[in-house]
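Here's the structure we're looking at; comments come further down.
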Number of protein chains: 2
Amino acid sequence: MVSKENPRPGGRSARVQAAVHQAVRDMLASMDRADVTIPLIAQRANVTPSTIYRRWGDLQELLADVAASRLQPETEPAKIGSARADLEAWVEQYADEMSSGVGREMIRDILSVADTATAEKCSGYTQQQLRVLVARAQERGEAFPTFTDLMDHVISPIMYRILFEQAPDAGYIRGLISRLMPQDAAKF
Amino acid sequence: MVSKENPRPGGRSARVQAAVHQAVRDMLASMDRADVTIPLIAQRANVTPSTIYRRWGDLQELLADVAASRLQPETEPAKIGSARADLEAWVEQYADEMSSGVGREMIRDILSVADTATAEKCSGYTQQQLRVLVARAQERGEAFPTFTDLMDHVISPIMYRILFEQAPDAGYIRGLISRLMPQDAAKF
DNA sequence: AGCTAAAAGCAAATAATTTGCGTTAGTGCG
DNA sequence: CGCACTAACGCAAATTATTTGCTTTTAGCT
């Protein structure tokens with residue numbers, strides 16, 4: 001619904017988008033989200049409300065758009081040591097970010113729009129990071145879970161708990177990973 | 001936010017709640033959800049809009065409330081044959097229900113409200129059903145996954161795929177279960 | 001530089017939400 | 001049984017958000 005690449009004739013697309021996104025980020029950081037409205041965002045972004053309505057449709061889609069752009073990772077997973085150490089560090093950071101107050105709000109914003117494209121995009125970010133870790137392990141010849149197993153048996157349980165129950169802790173996360181590592185299989 | 005038991009002095013609570021819930025269900029079944037508004041619901045339920053606003057707060061909370069009541073299971077998991085057969089049948093029916101159009105909408109409604117109580121309630125319904133299956137297996141002395149493993153490694157991946165990717169198919173679901181059954185462990 | 005079309009501004013019209021106040025209907029007690 | 005009490009409801013006015021028709025601005029193109 002937004003940011004068509006290949007901008008056609010008219011349109012000062014980029015400027016408005018940046019101003020609105022910034023306004024939303026500022027407001028989410030400084031006030032209760034229930035008080036964030038499109039007229040207020042428009043005022044802070046120096047834009048008219050109708051511009052936002054025409055471009056994003058409604059508040060939920062705008063919030064989802066902002067959340068998605070905030071969830072886009074800007075760096076590859078850090079290189080700590082072994083492939084497993086990298087994985088554990090990355091997943092713990094992922095879980096922390098997602099289970100924080102703002103993280104949960106972003107996920108909710110993304111899931112609450114009818115269009116599934118934004119949710120898929122965010123899942124794509126996660127998948128992309130995991131693929132880097134998998135490739136790195138393979139390159140080094142270290143034993144490592146498959147990409148699918150990581151999605152199904154590490155990411156999914158973490159996300160389920162964040163969405164429906166309580167935020168997972170570090171011990172739980174290490175347990176999920178451990179159960180997928182071949183050398184640890186005997187423990188379970 | 002709704003249905004206080006132990007009704008105090010005033011209040012014809014139950015009648016309005018039933019009428020509004022019914023109106024919402026009818027409307028979700030017969031029209032596009034984007035066109036469902038509180039004034040329309042109020043009209044169909046023969047209630048004034050302000051009653052709905054005061055009682056539920058906003059449309060999202062009302063939809064979440066209705067969705068939660070629809071997701072409450074009315075029966076125990078069916079007894080097909082072995083504990084495993086019961087489990088497979090129940091999980092497949094769960095996945096079908098959740099990945100259908102209305103199922104996905106209900107989940108989104110539930111997750112999109114700030115208050116996590118409704119989401120927890122729904123997860124509680126799932127847990128309750130699984131506990132029945134676990135208890136049944138134990139009673140019969142059949143090998144069976146633990147409750148936690150079912151939540152983490154069957155329900156969670158299914159829900160993740162429904163929310164962020166494509167709906168899971170029956171083969172995928174059987175694979176998730178299979179990997180948790182002791183006698184099948186060698187296959188993986 | 002001028003042309004074009006998408007995007008933005010503006011303002012009026014419409015629709016949704018909030019709110020104050022009077023009324024009604026369950027509940028518990030005498 | 002009827003009276004008092006209180007939470008929930010209805011109504012309508014006020015506020016706020018959203019939609020829409022029309023004009024103006026801007027970025028890319030020739």
Side-chain angles (χ1 to χ4, degrees), chain A residues 1-24 26-28 30-66 69 109 112-115, chain B residues 1-24 26-28 30-66 69 109 112-115:
Chain A
M1 177 124 302
V2 73
S3 76
K4 274 271 168 236
E5 6 294 317
N6 184 20
R8 297 304 171 77
R12 50 213 145 173
S13 200
R15 209 198 68 223
V16 169
Q17 154 127 357
V20 170
H21 271 231
Q22 187 59 49
V24 171
D26 290 351
M27 292 174 71
L28 288 179
S30 65
M31 59 192 285
D32 191 58
R33 88 180 287 86
D35 298 330
V36 174
T37 65
I38 286 187
L40 271 181
I41 294 166
Q43 183 177 3
R44 180 182 262 259
N46 274 102
V47 162
T48 53
S50 64
T51 294
I52 297 181
Y53 285 115
R54 278 202 242 255
R55 202 158 152 167
W56 281 277
D58 62 12
L59 182 60
Q60 296 211 336
E61 290 201 55
L62 171 56
L63 291 178
D65 189 46
V66 172
S69 79
D109 290 338
S112 60
V113 299
D115 184 11
Chain B
M1 177 124 304
V2 72
S3 78
K4 274 273 167 233
E5 7 292 317
N6 182 21
R8 298 302 170 78
R12 49 212 144 176
S13 199
R15 211 198 66 222
V16 170
Q17 154 128 356
V20 170
H21 271 233
Q22 188 58 49
V24 171
D26 290 349
M27 293 175 70
L28 288 179
S30 66
M31 59 191 287
D32 191 58
R33 87 180 289 87
D35 299 329
V36 174
T37 65
I38 286 187
L40 272 181
I41 294 166
Q43 182 176 6
R44 180 182 263 259
N46 274 101
V47 163
T48 53
S50 63
T51 294
I52 298 181
Y53 286 115
R54 279 202 245 254
R55 200 156 154 169
W56 281 278
D58 60 14
L59 182 60
Q60 296 211 335
E61 290 200 56
L62 170 56
L63 292 177
D65 189 45
V66 172
S69 78
D109 290 339
S112 61
V113 300
D115 184 11

Quiz item: If the sugar-phosphate is the primed atoms plus P, OP1 and OP2 and the base is the rest, what is the B/S/- string for nucleotides 16-22 of chain C, using protein heavy atoms under 4.0 Å?
Solution: SSBBBB-
Exercise. For A/Leu40 and A/Met31, run side chain to side chain contact (heavy atoms under 4.5 Å, CB included): C-alpha distance rounded to whole Å, both residues' side-chain angles, the deciding distance at 0.1 Å, then the answer.
Key: CA-CA 12 Å; A/Leu40 271 181; A/Met31 59 192 285; 4.1 Å; yes
Practice problem: Could you please spell out the steps behind the side chain to side chain contact (heavy atoms under 4.5 Å, CB included) verdict for B/Leu63 and B/Val24? | Solution: CA-CA 8 Å; B/Leu63 292 177; B/Val24 171; 3.8 Å; yes
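Between B/Gln17 atom CD and C/dG26 atom C1' the separation is 16 Å, expressed in whole Å. For A/Asp35 and D/dT16, the CG to P distance is 13 Å, given to the nearest whole Å. Atom pair B/Ile41:CD1 and C/dA15:P shows a separation of 17 Å (rounding to whole Å applied). Remark: P of D/dT19 and CZ of A/Arg55 are 17 Å apart, rounded to the nearest angstrom. Rounding to whole angstrom units, CZ of residue B/Arg15 and P of C/dT27 are separated by 13 Å. In this structure, CG of A/Asn46 is placed 9 Å from P of C/dG9, rounded to the nearest angstrom.
For the helix from C/dA1-D/dT30 to C/dG30-D/dC1, the angle separating the two terminal helix axes comes to 30°, with each axis derived from five pairs and the value rounded to 10°.
To the nearest 0.5 angstrom, B/Arg33 atom CZ is 4.0 Å from B/Asp109 atom CG. Going from atom OG1 of A/Thr51 over to atom CD1 of A/Ile38 covers 11.0 Å, rounded to the nearest 0.5 Å.
Between B/His21 and the options B/Val16, B/Asp26, B/Asp65, a side chain to side chain contact (heavy atoms under 4.5 Å, CB included) holds for only B/Asp65.
The side chain of B/Val16 approaches D/dC9 more closely than any other nucleotide in the set C/dG9, D/dC9, C/dA8.
For B/Gln43, the CD atom sits in a loose shell: 12 or fewer heavy atoms of surrounding residues, nucleotides or ligands are nearer than 6.0 Å.
Taking each heavy atom of B/Thr48 and B/Ala42 in turn, the nearest pair found is C-CB, 3.9 Å.
For the side chain to side chain contact (heavy atoms under 4.5 Å, CB included) test, residues two or more places apart in sequence or in another chain that qualify with A/Ala23 are A/Ile41, A/Arg44, A/Ala45.
The closest side-chain heavy-atom distance from B/Val36 to B/Leu28 is below 4.5 Å.
Here B/Thr51 does not reach the OP1 or OP2 of D/dC9: none of its side-chain N or O atoms lies under 4.0 Å away.
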